[in-house]
Amino acid sequence: IEYDPYRTAYIALVQYENGPKRYIIAPDGLKKGDTILTTNKRQSEFPAGLCMPLKLIPPAMRIHSVEMQPGKGAQIARSAGNAAQLMAKEGAYAQVRLPSGEVRLIPMNAKATIGQVGNVAHENIKLGKAGRTRHKGFRPTVRGSVMNPCDHPHGGGEGKSPIGRPG
């Protein structure tokens, strides 16, 4: 399991039984040496990291790395600590509640991974100083209320003033 500077989630190097190695987004609870499975067959157990089509996953299960179209690759719920929920299955589509709360219809043969994305504590990291924000490429932001009236509609006044525009 490795740090990736280009994403919030950790990635895991997986070696397949037939030899090749690939990186995947590491699910929460995955440790070095664990075995994960990708299958198109029904399973009796659903451990974290199990990747299978939505038609084989029971409803109310938490999933991540969901494909929007079969074979296109994971596009939904890939950042640290995220998980979608499989709500229901009707006909050729499954209802999936996204981390934003939106419910989407996704084809039943699209794949998803069981569990939640790892690095759940990512949201608790404090940047600590302005320089770390600058390293990320963000310029400083100045509130309009601390500007002069000629620079911003909220500016001016004595001390901390309300917006002060006509209602």
Side-chain angles (χ1 to χ4, degrees), residues 1-139 141:
I1 295 175
E2 299 176 23
Y3 169 76
D4 184 1
Y6 301 108
R7 65 180 81 226
T8 57
Y10 292 130
I11 55 175
L13 183 62
V14 176
Q15 181 167 9
Y16 292 95
E17 285 182 347
N18 58 356
K21 294 181 180 182
R22 296 245 166 76
Y23 281 104
I24 63 164
I25 294 174
D28 195 28
L30 188 71
K31 299 181 297 298
K32 181 181 176 185
D34 284 355
T35 303
I36 58 173
L37 184 65
T38 300
T39 184
N40 289 330
K41 298 179 183 149
R42 290 208 180 275
Q43 298 291 314
S44 56
E45 293 183 12
F46 298 95
L50 174 63
C51 182
M52 57 196 323
L54 289 172
K55 63 185 171 191
L56 301 176
I57 299 174
M61 186 73 73
R62 289 172 57 85
I63 54 179
H64 70 91
S65 301
V66 184
E67 292 181 330
M68 289 180 78
Q69 278 115 23
K72 192 173 181 187
Q75 291 182 292
I76 298 174
R78 301 179 349 154
S79 64
N82 266 346
Q85 186 176 19
L86 183 60
M87 300 301 289
K89 298 189 251 185
E90 304 169 1
Y93 291 93
Q95 289 182 1
V96 177
R97 183 191 291 139
L98 307 184
S100 65
E102 178 187 353
V103 177
R104 271 237 163 123
L105 292 176
I106 296 176
M108 287 281 233
N109 50 353
K111 287 191 171 186
T113 306
I114 305 290
Q116 180 179 12
V117 181
N119 196 14
V120 180
H122 173 76
E123 65 183 30
N124 300 331
I125 297 171
K126 286 202 165 72
L127 290 176
K129 60 182 185 176
R132 286 191 56 190
T133 310
R134 293 303 304 267
H135 297 324
K136 287 181 149 194
F138 293 102
R139 298 230 344 134
T141 52

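In this text the structure is predicted, and so the values were computed from the model without any measurement. Just so it is clear, the values below take in all heavy atoms, side chains as well, and ignore hydrogens, waters and symmetry mates.
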[X] and [Y]: which non-hydrogen atoms are nearest, and at how many Å?
| X | Y | result |
| --- | --- | --- |
| A9 | R7 | O-CG, 3.2 Å |
| G49 | P27 | CA-CG, 3.7 Å |
| P58 | L86 | O-CD2, 3.6 Å |
| S65 | I25 | OG-CD1, 4.1 Å |
| N82 | H64 | O-CB, 4.1 Å |

[X] side chain vs [Y] backbone, donor-acceptor pair below 3.5 Å:
| X | Y | answer |
| --- | --- | --- |
| E67 | K111 | yes |
| R134 | A130 | no |
| K89 | I57 | yes |
| E90 | A94 | no |
| N119 | T8 | yes |

Any side-chain heavy-atom pair from [X] and [Y] closer than 4.5 angstrom?
| X | Y | value |
| --- | --- | --- |
| M87 | V96 | no |
| T113 | I63 | no |
| L37 | Q43 | yes |
| R97 | Q85 | yes |
| Q75 | V66 | no |
| I1 | I11 | no |

Once rounded to the nearest 0.5 Å, what's the spacing between atom CD1 of I106 and atom CD of Q95? 10.5 Å

Distance (rounded to the nearest 0.5 Å) between L50 CG and T39 OG1: 7.5 Å

